[in-house]
Amino acid sequence: MSDISTSSPQPLFTSKDLVTDQDVRWCPGCGDYSILKQAQTVIPELGIPKEKIVFISGIGCSSRFPYYMETFGMHSIHGRATAIASGLKATRPDLSVWLVTGDGDALSIGGNHFIHILRRNFNLNILLFNNQIYGLTKGQYSPTSEEGKVTKSTPFGSLDHPFNPIALAIGADGTFIARSMDRDPTHLKDMLRRSHAHSGTSFLEIYQNCNVFNDGTFEIFTDKATKKEETLFVEDGKPLIFGKENEKGIKLDGFTPKVVELGASASPDDLWVHDEKDRVKAGILGRFFDNPALKPDHFPRPFGVFYTEDRKTYDSDINLQVERATEKLGEGDLDKLLRGKEVWEIV
Amino acid sequence: MDQNNSVLERVIIKFAGDSGDGMQLTGTQFTNTAALFGNDISTFPDFPAEIRAPQGTLAGVSGYQIHFGSVNIYSPGDRCDVLVVMNAAALKSNLRHLKSGGTIIANIEGFDAKNLRLANVPEGKNPLEDDSLSNYRLVRIDVTKLTRAALVDSGLGTKEIDRSKNMFVLGFLYWMYNRELDNSIKFLTEKFSKKQDVLDANIKVLKAGYAYGETTEAIETRYIVNPAKMKPGIYRNIMGNQAAALGLIAASKKAGIPMFYGTYPITPASDILHELAKYKNFGVRTFQAEDEIAAICSSIGASFGGHLGVTASSGPGIALKGEAMGLAVMLEIPLVICNIQRGGPSTGLPTKTEQSDLMQALYGRNGEAPMPVIAATSPADCFRTAFEACKLAIEFMTPVMFLSDGYIANGAEPWQFPKSADLSEIKVTYASAKEGEKFLPYKRDEKLSRPWAIPGTKGLEHRIGGLEKEHETGNISYDPENHEFMVNMREAKVEKIADYIPEIKVDSGSDKGKLLVLGWGSTFGAIKTAAADARAEGYDVSHAQVRYIKPFPKNLGELLYNFEHVLIPEMNSGQLIRVIRDKYMIPAIALNKVQGMPFTASEIKDKITELLKK
Ligand code: SF4
């Protein structure tokens with residue numbers, strides 16, 4: 001499924017080289033550990049010199065990530081990693097920039113920058129650790145928390161309708177939109193590789209368990225007992241099949257998706273075949289977002305790459321403009337500039 | 001007809017009309033011609049508060065004042081000698097700015113029943129026809145009719161024809177002040193290079209206005225304002241925002257690092273963006289961000305990457321940038337923040353000027369977040385000040401606030417521009433990795449500044465952030481002593497700059513005496529004029545303008561203690577004065593004006609004489 005070709009046979013450094021001298025300060029059992037480990041495993045394979053890698057984060061539990069990565073890094077301010085990374089990438093397209101953010105950081109306080117970075121399509125990777133809660137401030141509901149959620153700040157249940165991050169990213173014209181989870185290392189590693197390989201803003205939503213303030217919120221998708229029934233791992237060119245025995249599939253009836261039983265009534269040939277380049281269908285797939293607890297008759301939650309497209313990147317364009325202007329007008333001559341168009345002399 | 005010529009030392013003209021009447025263009029054309037002629041000049045555009053105010057109303061009046069002379073000119077001047085009004089509203093809102101006995105040049109058509117009503121002139125009255133203007137010399141010209149007559153064969157529609165009536169006025173004034181038309185014809189030829197009919201029409205009307213002066217007896221005297229005796233050299237005309245943009249580019253060139261300008265459109269700062277966006281071949285990357293916060297944050301990202309990050313805004317936008325400025329203080333990376341101040345609070349008076357963001361510049365961040373603040377004193381000085389802001393930012397690894405305001409940002413004056421070779425060097429200190437040594441991102445040099453460690457440099461991998469950091473290592477630290485140490489260190493580093501900046505000198509007057517007028521920012525011209533006028537009348541008064549406000553020049557206290565009294569005029573309710581009183585414990589006297597308008601020299605002079613008469 002993936003077309004990764006950047007792996008170099010001789011890694012420039014190892015996972016161990018990415019470990020910093022700082023103690024990792026997440027709660028024991030936090031999903032962040034797994035994400036850190038997968039990132040430290042994948043990055044050495046990518047063939048990028050270590051000094052060319054930059055991790056930028058905002059504020060929140062996930063945003064401590066850069067401190068644990070022996071690369072360049074900035075732990076910035078709440079919601080603004082996207083904006084900082086934009087400026088960095090605009091000036092330094094040669095760097096491999098990774099943004100680590102959370103549901104509150106990216107979608108609440110940083111919501112504006114989030115949609116704008118997607119439409120501009122800077123060539124960088126956004127890892128959104130979605131735990132559907134505010135962990136660092138000790139347990140308030142987040143913009144991805146389910147409606148009615150009882151938290152410290154919502155003892156009578158939250159009134160907010162949650163964001164669907166995938167649908168939001170599709171709506172903002174993102175060019176690479178994917179979802180994975182902390183508890184599926186193989187899939188997560190694969191998605192990290194794909195994020196890196198994509199030229200443009202790669203948006204990877206990672207379901208991450210906050211075992212202290214929102215334990216088990218994704219259990220239905222991650223637990224062996226329910227995972228096959230509740231999740232749908234999509235791959236380009238493959239039919240949408242899921243279920244304990246891979247006995248179910250999704251069929252498209254016009255624009256309406258339907259769950260069908262494979263066998264007597266339907267064969268894999270009748271099913272919706274995933275096409276990563278199909279924006280309309282990605283929109284439908286992104287809407288598979290029912291809360292299983294509230295809706296017994298629901299679609300499985302998709303994981304994998306929903307959508308990807310090749311589109312020019314802002315960082316290459318902004319530098320191209322400078323190059324072209326320099327070609328056309330010649331390298332700026334400061335004395336000519338200071339002199340301006342019209343002068344007069346006083347003797 | 002041969003008119004008399006009378007020689008004048010200085011003249012103030014105000015062009016006023018509806019925003020659609022092209023008064024800004026008329027004013028800038030007159031200005032450029034005067035500048036090229038060799039007059040000293042100072043200008044002040046007075047924009048209407050509302051961009052789409054209904055035509056003919058008081059809210060829609062747009063003005064442009066030019067002060068030009070054969071003597072040195074330091075401000076756009078107080079009251080004008082000549083007031084050009086295109087309609088009744090323009091007269092009504094500007095008459096108080098005209099000297100008694102001054103000349104009014106009025107467009108008759110702008111005083112028809114409809115225009116009089118829109119200007120709220122009482123029913124049945126018309127100032128052009130009653131004797132209410134008898135204290136002035138009134139020159140009534142039917143500009144619209146004459147323009148239409150000049151273009152009767154042009155083939156243009158009435159609407160288009162009427163659009164060139166400002167050229168008639170310009171032509172008439174060129175005649176009145178013995179000016180050549182060449183410069184404006186050249187300008188029009190460039191502007192309308194693709195519209196031959198419009199170009200022809202404008203030139204024709206410009207000439208018609210000139211001929212009108214010559215052939216009628218509208219005005220019996222023409223005036224000569226000889227070139228000024230300025231310092232020999234080559235000059236150009238420059239506006240404040242333009243000068244700021246050039247200062248930034250010059251600094252980027254001198255430092256040898258490209259500039260990144262992240263910004264969000266806001267009045268009156270946007271012209272810096274418009275200017276910079278033209279100079280991509282100077283390596284300038286302009287980025288119109290989604291909001292003010294993204295504007296500064298993208299610039300922080302660029303600086304982290306080794307470019308010169310610059311952002312600009314006005315008060316409301318600066319307020320939004322507060323948290324990010326604090327981050328830049330904490331990271332200790334170069335960043336220039338330009339605040340082109342306007343009337344506040346909140347949205348306030350976007351098109352009017354004020355100096356009310358000084359406290360915001362000094363203290364408008366959470367925590368102890370010291371940042372150098374430097375203020376430009378005139379349109380041309382915006383160049384030097386912006387350049388110095390960049391130099392300090394790079395050499396001291398710190399965000400720096402550059403203060404300007406709507407008055408000097410849009411005002412213009414002659415500028416004896418420097419040669420690039422004469423600009424001071426800007427030294428960039430990069431970190432480099434040393435074998436077997438752990439890189440310490442916050443290890444300081446003798447300036448207390450840390451080295452710039454650019455991503456991509458092998459062996460310098462490190463993390464920085466907004467959390468308090470341990471001395472030298474930069475690791476997160478919650479240690480109480482370390483925090484206090486670092487707070488003091490960041491303050492000491494900014495104060496250390498005082499060792500590297502010039503001492504303050506009096507601009508005029510003696511070094512010791514009865515009264516020092518201490519100004520900052522755009523009040524420079526008005527104070528300079530006021531002090532000179534007062535000294536001419538025998539008063540013992542000196543003037544100094546403080547450009548570095550954080551840190552102050554080392555000898556500022558010494559200078560202040562040399563005077564019996566210190567007067568501080570500010571276009572706010574008293575901000576610098578609080579800092580001065582607090583730091584130097586002197587009973588400085590305030591003179592405040594918060595009207596969205598700059599001081600006139602006479603307002604300051606009156607205060608000087610009042611204080612010295614006692
Ligand atoms: S609070 Fe939750 S998200 Fe934060 S570190 Fe602890 S477990 Fe992880």
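Since the model is a prediction, treat every value here as computed from it, not as a measurement. Hydrogens, waters and symmetry mates play no part in the numbers below; they use all other heavy atoms, side chains included. Proteins get letters first, then strands, A, B, ... in listed order; numbering begins at 1 in each.
Contacts of A:Y68 with chain B are absent, with no heavy-atom separation under 4.5 Å from either backbone or side chain. For B:P418, the parts sitting under 4.5 Å from any heavy atom of chain A are the backbone and the side chain alike. Residue B:H307 touches chain A through its side chain alone, counting heavy-atom pairs closer than 4.5 Å. Using a 4.5 Å cut-off between heavy atoms, B:F37 makes no contact with chain A at all. B:A324 touches chain A through backbone and side chain together, each having a heavy atom under 4.5 Å away. Residue contact with chain A, scored on non-hydrogen atoms closer than 4.5 Å, is absent for B:I238. Proximity to chain A is absent for every atom of B:P227, based on heavy atoms less than 4.5 angstrom apart. Neither the backbone nor the side chain of B:S303 comes within less than 4.5 Å of any heavy atom of chain A. Proximity to chain A is limited to the backbone of B:A228, based on heavy atoms less than 4.5 angstrom apart. For a residue to count as touching a neighbouring chain, one of its non-hydrogen atoms must lie under 4.5 Å from one of that chain's; by this rule B:K186 touches chain A with the side chain only.
Put simply, CG on B:N281 and CD on A:E331 are 8.0 Å apart, with the number rounded to the nearest 0.5 Å. Distance check, rounded to the nearest 0.5 Å: OH of B:Y279 to CG of A:L337 gives 5.0 Å. The OG1 atom of B:T457 lies 9.0 Å from the NZ atom of A:K52; values are rounded to the nearest 0.5 Å. Rounding to the nearest 0.5 angstrom, the gap separating the CG atom in B:N32 from the CD atom in A:E342 is 6.0 Å. Atoms CG and OG, from A:L88 and B:S299 in turn, are 12.0 Å apart once rounded to the nearest 0.5 Å. Distance OG/A:S76 to CD/B:E323: 8.5 Å, rounded to 0.5 Å.
Ranking A:A85, A:G340, A:G73, A:A83 against chain B, the residue ahead of the rest is A:G73, based on heavy-atom pairs under 4.5 Å. With respect to chain B, the highest number of heavy-atom pairs below 4.5 Å among A:E327, A:R92, A:E345 belongs to A:R92. For the set A:D21, A:V322, A:V97, the entry with the most heavy-atom pairs within less than 4.5 Å of chain B is A:V322.
Checking side-chain atoms of A:R80 against main-chain N and O of B:C297 turns up no donor-acceptor pair under 3.5 Å. Looking at A:R339, its side chain never comes within 3.5 Å of a backbone N or O of B:Y235 through a donor-acceptor pair. Under the 3.5 Å distance criterion, the side-chain polar atoms of A:K50 are left unmatched by any main-chain donor or acceptor of B:E461.
Annotation: side chain of A:T82 is not in contact with side chain of B:E290 (no heavy-atom distance under 4.5 Å). Between A:K328 and B:K280 the shortest side-chain heavy-atom distance does not fall below 4.5 Å. Looking only at side-chain heavy atoms (C-beta outward), A:K341 and B:E190 come within less than 4.5 Å of each other. Using a 4.5 Å cut-off on side-chain heavy atoms (C-beta onward), B:L460 and A:F72 make contact. Side-chain contact between B:L327 and A:I84: present, with at least one pair of heavy atoms (C-beta onward) separated by less than 4.5 Å. B:I293 places none of its side-chain heavy atoms less than 4.5 Å from the side chain of A:I77.
What you find for A:L338 and B:S420 is that their closest heavy atoms are CD1-N, 4.5 Å. Shortest non-hydrogen contact noted between B:N237 and A:W344 is N-CZ3, 3.6 Å. Considering all non-hydrogen atoms of both residues, A:L95 and B:P455 come closest at CD1-CB, 3.8 Å. Between A:D333 and B:F282, the shortest heavy-atom distance links the atoms N-CZ, 3.3 Å.
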### Task
List the steps and the verdict of side chain to side chain contact (heavy atoms under 4.5 Å, CB included) for B:K419 and A:D335.
CA-CA 6 Å; B:K419 285 206 182 67; A:D335 281 301; 4.1 Å; yes
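Atom CZ of B:F287 has more than 12 neighbouring heavy atoms from other residues, nucleotides or ligands inside a 6.0 Å radius. Within a 6.0 Å radius of CD in B:E180, other residues, nucleotides and ligands contribute 12 heavy atoms or fewer.
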